[in-house]
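Since the structure comes first, as structure tokens, the remarks are kept for the end.
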Amino acid sequence: MTYVSGFVSPVENRRKADYTASAKAAWPLFAEYGALEMVENWGDHVPAGKQTDMRRAVALADGETVVFSWVRWPDKATADACMASVEHDERWHQLDMPFDGKRMIYGGFETIFRAGT
């Protein structure tokens, strides 16, 4: 099965186009390092929870939207190699980061079931 790197980020509404452009610019690098797919999703129904929720997870502020993203990899080793490349491949540092990275949450996940296309 594949491996997924997942991300939840707060992005200012006025920076939606900047965020989209940044994601499009990053895709060729992810693909070069072996990513199979990259998906960026702009929140339009991110409800407040009673105990926890995505809004609180990223300390969402007024005028921001939660973005839920993932990169699918053939395996964990490929994902780890890409993440390690951030230390030595300067192209990562040239990309615009139009959100507060300190409030982004992320993790790596082993795919245990997949259905559909």
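A quick note: this is a predicted structure, and the numbers were derived from the prediction, not measured. Note that the numbering runs from 1 along the sequence shown for the chain.
Heavy atoms only, all atoms of each residue included: Pro28 and Ala25 are closest at CD-O, 3.3 Å.
Within the structure, side chain to side chain donor-acceptor pair (under 3.5 Å) contacts touching residues 105-115 (residues at least two apart or in different chains) are Thr2-Thr111. For the side chain to side chain donor-acceptor pair (under 3.5 Å) condition, the pairs that include at least one residue of residues 51-62, sequence neighbours left out, are Asp53-Arg56.
Side-chain contact between Leu29 and Leu95 is present, with heavy atoms from C-beta onward closer than 4.5 Å. Contact annotation: the side chain of Met104 approaches that of Phe99 to within less than 4.5 Å [non-hydrogen atoms, C-beta and beyond]. Leu36 places a side-chain heavy atom less than 4.5 Å from the side chain of Pro74.
Partner of Val8 under the side chain to side chain contact (heavy atoms under 4.5 Å, CB included) criterion, out of Leu60, Val46, Ile105: Ile105 alone.
By the side-chain contact (heavy atoms from CB on, under 4.5 Å) test, Lys24 pairs with Thr20, sequence neighbours left out. Residues meeting the side-chain contact (heavy atoms from CB on, under 4.5 Å) test with Ser69, sequence neighbours left out: Phe7, Tyr19, Glu40, Val67. Shown here are the side-chain contact (heavy atoms from CB on, under 4.5 Å) partners of Met83, two or more places apart in sequence or in another chain: Ser5, Phe30, Trp73. For the side-chain contact (heavy atoms from CB on, under 4.5 Å) test, residues two or more places apart in sequence or in another chain that qualify with Asn41 are Val39, Phe68, Trp70.
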Item to complete: Go through the steps for Trp42 and Val11 under the test side-chain contact (heavy atoms from CB on, under 4.5 Å), then give the verdict.
Response: CA-CA 9 Å; Trp42 191 262; Val11 180; 3.7 Å; yes
Dump the intermediate steps for side-chain contact (heavy atoms from CB on, under 4.5 Å) on Asn13 and Thr65, then the final yes or no. CA-CA 6 Å; Asn13 295 332; Thr65 295; 2.4 Å; yes
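Between the side chain of Arg72 and the backbone N or O of Val4 there is no donor-acceptor pair closer than 3.5 Å. Judged purely by atom type and a 3.5 angstrom limit, Ser22 has no side-chain atom pairing as donor or acceptor with the backbone of Met97. The main-chain N or O of Val86 is found under 3.5 Å from a side-chain atom of His93 such that the two form a donor-acceptor pair.
Under 4.0 Å is where a charged nitrogen must lie from a carboxylate oxygen, and between Arg103 and Glu64 at least one such pair does.
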